[in-house]
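Here is how names work: the chains are called A, B, and so on, in the same order as the sequence lines, proteins then strands, and each is numbered from 1.
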Protein chains: 2
Amino acid sequence: MNVSSKPERTRLSAEDWELAALNLIAEQGVGALAVEALARQLGVTKGSFYWHFRTREALLQAALERWEQYGEREVLGQIEQIADPRKRLPELFRRVAHELQPHRVYAALLKALDHPQVVPVMARVSQRRMEFLDTAYREAGLPAAQALNRARLTYAAYVGFLQLNFTLGLPRINHEEFDAYVEHMIATLIPA
Amino acid sequence: MNVSSKPERTRLSAEDWELAALNLIAEQGVGALAVEALARQLGVTKGSFYWHFRTREALLQAALERWEQYGEREVLGQIEQIADPRKRLPELFRRVAHELQPHRVYAALLKALDHPQVVPVMARVSQRRMEFLDTAYREAGLPAAQALNRARLTYAAYVGFLQLNFTLGLPRINHEEFDAYVEHMIATLIPA
DNA sequence: GGCGATCCATACTCAACCGTATGGTTAACC
DNA sequence: GGTTAACCATACGGTTGAGTATGGATCGCC
């Protein structure tokens with residue numbers, strides 16, 4: 001049973017709207033975030049929405065901030081607990097590669113970078129992650145000047161892969177090929 | 001003199017509309033491609049537009065095809081004339097890095113990957129470019145299995161860089177830093 | 001069990017755009 | 001210089017989706 005099949009709804013909170021918004025963004029992109037569509041999906045009407053939020057923008061803003069804070073705790077938090085700096089990067093690569101679900105919102109927001117509201121959020125998130133990669137590379141033994149550029153390169157490769165694979169469906173790649181690709185990335189980008 | 005300042009217009013052709021559309025896409029994205037807005041910018045009204053094109057989609061389609069064919073001749077054509085396979089890839093990297101203007105439409109289309117019309121175009125273009133990289137890496141001495149993955153990695157880095165730099169304005173980087181980044185890419189991705 | 005706060009439905013307005021209908025204007029060519 | 005085809009303006013209809021107004025329903029709580 002999917003999300004929309006909950007006829008036994010009680011009353012909604014602002015949080016419910018934000019989570020539903022994030023779901024819709026992940027599946028259909030920011031452009032599909034319409035209040036009437038969301039209301040239908042939640043089994044209510046606009047009247048409900050405009051009680052919780054002043055405007056559509058306000059909902060998008062709240063949803064983005066929620067997503068940003070969640071990602072802060074969840075995504076980066078886990079990785080930081082890998083002690084050995086040399087194992088941290090390969091492990092990070094492999095985990096990211098096999099937990100594609102959390103990246104769906106990020107990929108959707110990547111397609112929505114023409115919306116002025118998402119730009120600052122994505123800028124902050126991406127900046128933080130690149131800094132994370134930077135220190136990881138330094139701790140793995142790369143000189144400072146190289147570490148930053150390697151971090152940029154790595155993160156660009158991540159972003160580009162999301163675009164090409166998720167959104168564009170390219171390259172058409174199967175499981176084994178994908179694993180080989182990940183290992184190739186590790187061999188190419190991480191210093192021995 | 002920018003594009004919009006041509007009050008002494010005579011009559012327009014379909015090509016004029018397509019070029020104007022590509023301009024608008026490059027600057028404001030596919031979502032901003034509205035026929036009335038375009039007409040205003042060209043100093044005419046919708047009446048003109050619907051003589052040249054049956055629908056808005058038809059214009060977008062024509063503009064995309066024009067862009068695709070142009071890129072075929074221009075972008076890839078020049079690089080193929082570099083004889084030495086070992087010099088070809090570094091040269092390609094450096095040229096791409098310093099001719100950012102032609103990449104603006106590509107970056108804009110990257111943001112518009114939720115439009116069903118642009119997906120096949122981008123898929124074809126990206127596929128062709130990755131194949132180009134693949135053979136370039138093989139000719140540079142990389143074994144076939146590695147060459148394809150390296151091509152994927154390289155192109156993903158390119159796409160991601162466009163997104164992070166053009167659209168997101170990240171990383172905040174100056175000219176010298178940028179050159180250093182390009183050289184770092186060359187050193188990391190191209191086999192010695 | 002009634003009362004105030006919270007939550008929602010219905011019924012609008014308004015603006016943006018796409019597309020159509022139709023008549024007018026300019027260019028080209030004989 | 002008159003006719004035809006190419007090009008454009010004006011006015012309209014239709015749709016979509018945001019936001020407002022207002023009254024009704026429901027919950028918490030004394």
Side-chain angles (χ1 to χ4, degrees), chain A residues 3-25 27-64 66 108 111-112 114-118, chain B residues 3-25 27-64 66 108 111-112 114-118:
Chain A
V3 183
S4 62
S5 66
K6 290 188 180 176
E8 1 73 3
R9 270 245 161 273
T10 59
R11 311 171 99 190
L12 299 175
S13 67
E15 184 175 356
D16 294 323
W17 286 94
E18 297 170 12
L19 293 177
L22 284 176
N23 254 326
L24 208 158
I25 287 172
E27 288 170 7
Q28 300 185 242
V30 175
L33 185 61
V35 329
E36 279 160 315
L38 245 194
R40 266 194 303 276
Q41 181 181 316
L42 287 174
V44 292
T45 65
K46 300 199 296 187
S48 171
F49 177 83
Y50 284 100
W51 194 91
H52 293 286
F53 297 92
R54 254 189 65 259
T55 158
R56 191 203 101 122
E57 282 187 12
L59 168 65
L60 178 54
Q61 196 63 39
L64 290 174
R66 173 175 292 275
K111 299 188 297 190
D114 38 359
H115 288 249
Q117 284 187 90
V118 327
Chain B
V3 183
S4 62
S5 66
K6 291 186 181 177
E8 3 71 5
R9 269 243 162 276
T10 58
R11 312 172 96 187
L12 298 175
S13 68
E15 185 176 354
D16 293 325
W17 286 95
E18 296 170 12
L19 294 176
L22 284 176
N23 252 327
L24 206 158
I25 288 173
E27 287 169 7
Q28 299 184 244
V30 176
L33 185 62
V35 330
E36 280 161 315
L38 244 194
R40 266 193 303 276
Q41 182 180 316
L42 287 173
V44 292
T45 66
K46 300 198 297 188
S48 171
F49 176 83
Y50 284 100
W51 193 90
H52 293 287
F53 298 92
R54 254 189 67 257
T55 158
R56 190 204 102 120
E57 282 188 11
L59 169 66
L60 179 54
Q61 197 62 39
L64 290 174
R66 172 176 292 275
K111 299 188 297 190
D114 38 1
H115 287 250
Q117 285 189 88
V118 327

How close or far is atom [atom2] of [N] from atom [atom1] of [X], stated in whole angstroms?
| X | N | atom1 | atom2 | value |
| --- | --- | --- | --- | --- |
| Leu38(B) | dG19(C) | CG | P | 13 Å |
| Arg56(A) | dG19(D) | CZ | P | 8 Å |
| Lys46(B) | dC18(C) | NZ | P | 8 Å |
| Leu24(A) | dG17(D) | CG | C1' | 14 Å |
| Leu60(B) | dG19(C) | CG | P | 12 Å |
| Leu59(A) | dG19(D) | CG | P | 11 Å |
| Asp16(B) | dC7(D) | CG | P | 10 Å |

Report summary line: Here the pair of heavy atoms bringing Asp16(B) nearest to Arg11(B) is OD2-O, 4.3 Å

Report summary line: Here the pair of heavy atoms bringing Glu15(A) nearest to Arg66(A) is CG-NH2, 3.3 Å

Report task. Could you check Arg40(A) against Arg54(A) and say which one's nearest nucleotide on DNA chain D is further toward the 5' end? Result -> Arg40(A)

Report summary line: Output for pair (Leu19(A) CG, Leu12(A) CG), nearest 0.5 Å, gives 11.0 Å

**Report entry** Pairing residues for Arg40(A) by the salt bridge (charged side-chain N to carboxylate O under 4.0 Å, His left out) criterion, not counting sequence neighbours
**Finding:** none

For nucleotides 2-8 of chain C, which of its nitrogen or oxygen atoms have a protein nitrogen or oxygen under 3.5 Å away, and what is each distance?
residue : atom : partner  : partner atom : Å
dT6(C)  : O2   : Arg11(A) : NH2          : 2.8
dC7(C)  : O4'  : Arg11(A) : NH2          : 3.1
dC8(C)  : OP1  : Leu12(A) : N            : 2.7
dC8(C)  : OP2  : Ser48(A) : OG           : 2.8
dC8(C)  : OP2  : His52(A) : NE2          : 3.0

Query - Residue mapping more 5' on DNA chain C - nearest nucleotide basis, Glu36(A) or Thr55(B) - result: Glu36(A)

Query raised in the report: Parallel, tilted or perpendicular for Trp17(A) and His52(A), by the 30°/60° rule?
Result: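 Trp17(A) vs His52(A) ring planes: tilted.
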
Query raised in the report: Heavy-atom distance under 4.5 Å between the side chains of Val35(B) and Leu59(B), does that happen here?
Result: no

